[in-house]
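In what follows, chains carry the letters A, B, and so on, assigned in the order in which the sequence lines appear, proteins first and then strands, with residues in each chain numbered from 1.
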2 protein chains.
Amino acid sequence: MNIGEAASATGVSAKMIRHYEEIGLIRPAGRTGAGYRVYGPKDLSTLSFVRRARDLGFSIAQIRDLLALWQDRDRASADVKRIASAHVEEMKAKMRLLEEMVQTLEHLSAHCHGDDRPDCPILEQLAGGGSECCA
Amino acid sequence: MNIGEAASATGVSAKMIRHYEEIGLIRPAGRTGAGYRVYGPKDLSTLSFVRRARDLGFSIAQIRDLLALWQDRDRASADVKRIASAHVEEMKAKMRLLEEMVQTLEHLSAHCHGDDRPDCPILEQLAGGGSECCA
DNA sequence: GCTTGACCTTGACATGATGGGAAGGTGCAG
DNA sequence: CTGCACCTTCCCATCATGTCAAGGTCAAGC
């Protein structure tokens with residue numbers, strides 16, 4: 001199987017497959033005499049694993065660890081769970097940050113006429129016009 | 001005022017001030033005879049504006065527009081509100097994505113023993129063991 | 001056998017916001 | 001005058017991904 005077929009079979013772009021190989025996330029693929037990369041069923045499983053992990057937002061570093069655990073039959077599930085929990089906490093932290101920003105902006109927007117007049121609490125806030133607008 | 005003082009006064013790093021100047025987000029600062037950048041009160045206001053906008057998660061492109069509106073006395077507040085609303089929607093979309101990923105992972109984690117045994121639904125899911133685990 | 005088109009190779013560059021560091025000039029205080 | 005803190009520019013790195021270019025390869029059709 002060539003890289004293009006592997007790409008469409010796993011949903012990982014050919015570009016990213018080469019990239020993952022280059023950074024050592026996956027083992028270098030076999031090569032034909034002409035230098036084409038060749039992929040077997042095992043490689044496809046690995047690539048699919050990586051794609052699913054990325055879909056869940058894991059970082060490359062985390063995926064590296066998950067792959068190692070996956071390939072280790074003596075792994076402890078606690079190790080996997082720890083990585084997943086850490087990732088969940090990271091995502092929740094990001095959500096809290098986003099939520100804060102959304103809250104602030106929605107509050108400011110609620111007091112912005114949104115018409116032709118130039119008066120705008122959003123800009124006032126950004127300009128440093130104090131942290132409160134009405135309360 | 002030198003760049004270092006401007007940086008600590010506004011919370012924008014010297015590095016970023018130079019960067020913002022280079023990409024044309026802010027006007028090139030004045031220079032001393034020796035080539036040092038010089039900042040006045042107006043420049044500090046602009047930098048603070050940029051920092052507050054970044055704190056609210058606006059992209060450089062959005063900040064560029066907000067800055068233009070801020071400096072335009074004839075602006076319509078509707079324009080500002082539109083940018084803010086677009087940004088809020090982007091953030092909410094990101095939150096939904098994160099929430100989905102968190103849901104999935106928490107669900108899988110809940111069914112992972114997290115002990116010394118190798119059995120782990122998280123890895124099974126990543127390996128392509130089907131999208132459901134128990135329901 | 002030769003052409004053509006689809007595919008492969010490597011390599012470089014871009015994003016976006018930020019940090020780090022090197023090499024060299026400047027300014028001030030002692 | 002020396003030393004240190006600060007400034008300058010320039011290059012490189014992150015992270016995941018895309019795009020583009022120049023060139024090699026393969027298979028099919030004639």
task = Could you tell me, to 10°, how much the axis swings from one end of the helix from C/dG1-D/dC30 to C/dG30-D/dC1 to the other, five pairs per end?
result = 30°
query = Nearest-Å distance, CD (B/Glu5) to C1' (D/dA5)?
reply = 12 Å
request  = Look at all strands and tell whether A/Arg18 reaches a base, only sugar-phosphate, or nothing, counting heavy atoms closer than 4.0 Å.
outcome  = base
ask   = With A/Phe49, which of A/Phe58, A/Tyr20, A/Trp70 fulfils ring pair (Phe, Tyr, Trp, His ring centres under 6.0 Å)?
value = A/Trp70
message = Just N and O in the side chain of A/Arg31: are any of them under 4.0 Å from OP1 or OP2 of C/dT10?
response = yes
task = Could you pull out the closest heavy-atom pair between B/Thr10 and B/Arg51, with the gap in Å?
result = O-NE, 2.6 Å
N or O in side chain of B/Arg54 less than 4.0 angstrom from C/dT18 OP1/OP2 = yes
message = Is the phosphate of C/dT10 approached by A/Arg37 (side-chain N or O, under 4.0 Å from OP1 or OP2)?
response = yes
remark   = Judged by nearest nucleotide, the residue sitting upstream toward the 5' end of DNA chain D, A/Ala34 or B/Tyr39, is B/Tyr39
request  = Report the distance from atom CD of B/Glu21 to atom P of D/dT8, rounded to the nearest whole Å.
outcome  = 9 Å
ask   = Would you say the side-chain atoms of A/His113 pair up with the backbone N or O of A/Pro118, donor to acceptor, closer than 3.5 Å?
value = no
message = Could you tell me how far apart B/Met16 (CE) and C/dT18 (P) are, to the nearest whole angstrom?
response = 4 Å
key: Between P of C/dG27 and CE of B/Met1, the distance in whole Å   = 18 Å
query = How many Å lie between NZ on B/Lys15 and C1' on D/dC7, as a whole number?
reply = 12 Å
task = Would you tell me if any nitrogen or oxygen in the side chain of A/Ser13 comes within less than 4.0 Å of OP1 or OP2 on D/dG18?
result = yes
ask   = Taking OP1 and OP2 of C/dA17, is either one under 4.0 Å from a side-chain nitrogen or oxygen of B/Tyr20?
value = no
request  = Nearest whole angstrom, please: distance from the C1' of C/dG16 to the CD1 of B/Ile23.
outcome  = 9 Å
request  = Can you tell me the distance, in whole Å, between the NE2 atom of B/His19 and the P atom of D/dC10?
outcome  = 15 Å
Considering only distance and modelled atom types, tabulate donor-acceptor pairs under 3.5 Å from the side chains of residues 1-9 of chain B, sequence neighbours left out.
| residue | atom | partner | partner atom | Å |
| --- | --- | --- | --- | --- |
| B/Glu5 | OE1 | B/Asn2 | N | 2.8 |
| B/Ser8 | OG | B/Gly4 | O | 3.3 |
| B/Ser8 | OG | B/Glu5 | O | 3.3 |

note = Rounded to whole Å, CD1 of B/Ile60 lies from P of C/dA17 at a distance of 4 Å
Ion pair check, B/Glu99 and A/Lys92, cut-off under 4.0 Å = no
query = Are B/Asp119 and B/Arg117 close enough for a salt bridge, meaning some N to O gap below 4.0 Å?
reply = no
remark   = Judged by nearest nucleotide, the residue sitting upstream toward the 5' end of DNA chain C, A/Tyr36 or B/Tyr36, is A/Tyr36
inquiry  = Need one value for B/Ser59: base, sugar-phosphate or nothing, where a base atom within 4.0 Å counts as base even if backbone is also close, heavy atoms only.
reply    = sugar-phosphate
ask   = Looking at side-chain heavy atoms only, is the closest gap between B/Leu47 and B/Met16 below 4.5 Å?
value = no
